[in-house]
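Just so we're on the same page: letters track the sequence lines, and every chain starts at 1. In what follows, every heavy atom counts, from backbone to side chain, and hydrogens, waters and symmetry copies are set aside.
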Protein chains: 2
Amino acid sequence: MENYLEYTKVFKALGDPKRAMIVDMLSCGELCACMILEKFEMSQSTLSHHMKLLCECGFVKGRNEGKWTYYSLDAETINKTKQFFCDITSEKENCICKEDGNCCKGCDENE
Amino acid sequence: MENYLEYTKVFKALGDPKRAMIVDMLSCGELCACMILEKFEMSQSTLSHHMKLLCECGFVKGRNEGKWTYYSLDAETINKTKQFFCDITSEKENCICKEDGNCCKGCDENE
DNA sequence: ATGTTAAATCGAAAAGTGTCAATATGATAT
DNA sequence: ATATCATATTGACACTTTTCGATTTAACAT
């Protein structure tokens, strides 16, 4: 599990309310940048910056058509991220809490 | 769905590799702060700061016992976060992409 | 009482982020 | 060719975050 950096990039991207809203907007189909822009009070350059972050982590894909750019969610990255979230939050074998001397109180008591 | 701020706090907390690792460590049981500290090259005050962020968003719970603090994951927040993630990434009714004039190309063509 | 230990808080430095206006790029229309 | 339009990039600014060393707090232990 050395994907920490890969997926924390995704979480960081989702860690901004406006970007989370954009993801929500894209959840039922692709949208043109100008359509997204309409729904926010935000400059065009700021939106472009947010879309760049969402794309760089793989969560969103951009597609050019003429002078427009259409954005949509990337299903594979979504599923992998969900899996990563489950991985780091669910119990597993060989975890640290099962090692000897993992508990400060216990350590003291064994002395 | 006005929980954007609430859950983006969680995502922001998970958006740091070290914090994601801490969550992973806690996934199979509670651990004392000093035990977590042992596993990282990080000052004690830095760890304390990371734990504060993880607790403030509700993802982690702290419990004092004598001079120690034990941390563990909060199952309810985990489940709610998972649900929020699914909500914003899955198709829903009445979404923007189904409105009229949602597509720049179409808008132009209709003129 | 005094010292020790675990953890939190404070203050500061460095790095990163969100935002905008201005400019650049690239496609299309005239 | 030239103008227009959608988007990306740049540069600047304020704000936030990460990190550390130093200090404080609270709980034991002697």
Rounded distance (Å) that lies between atom C1' of D:dA8 and atom CD of A:E56: 12 Å
Contact state string [nucleotides 17-28 of chain C, B base, S sugar-phosphate only, - no protein heavy atom under 4.0 Å]: SSBBBB----SS
A:Q83 and A:D87 side chains, donor-acceptor separation under 3.5 Å: yes
Between P of D:dT7 and CZ of A:R63, the distance in whole Å: 12 Å
Side chain to side chain donor-acceptor pair (under 3.5 Å) involving A:K82 - partner list, sequence neighbours excluded: none
Rounded distance in Å - CE (B:M51) to P (C:dT9): 13 Å
Verdict with reasoning, B:F59 to B:I78, per side chain to side chain contact (heavy atoms under 4.5 Å, CB included): CA-CA 6 Å; B:F59 212 76; B:I78 290 175; 3.7 Å; yes
Residues that B:D74 engages under salt bridge (Lys or Arg N to Asp or Glu O under 4.0 Å), provided they are two or more places apart: B:K61
Set of salt bridge (Lys or Arg N to Asp or Glu O under 4.0 Å) partners for B:K80, sequence neighbours left out: B:E76
Rounded interatomic separation in angstrom, taking CG from B:N64 and P from C:dA7: 9 Å
Sub-4.5 Å side-chain heavy-atom contact between A:L26 and A:I36: yes
Side-chain N,O (B:Y71) to OP1/OP2 (C:dA6) below 4.0 Å: no
Whether A:F11 and B:F11 hold their rings parallel, tilted or perpendicular, with breakpoints at 30° and 60°: parallel
Under the side chain to side chain donor-acceptor pair (under 3.5 Å) test, residues paired with A:S45 that sit two or more places apart: A:S43
The helix from C:dA1-D:dT30 to C:dT30-D:dA1: angle between end helix axes, five pairs per end, rounded to 10 degrees: 20°
Value in whole Å for how far the P atom of C:dA7 lies from CG of B:L54: 15 Å
Interatomic distance, B:I36 CD1 vs C:dA6 P [rounded to whole Å]: 14 Å
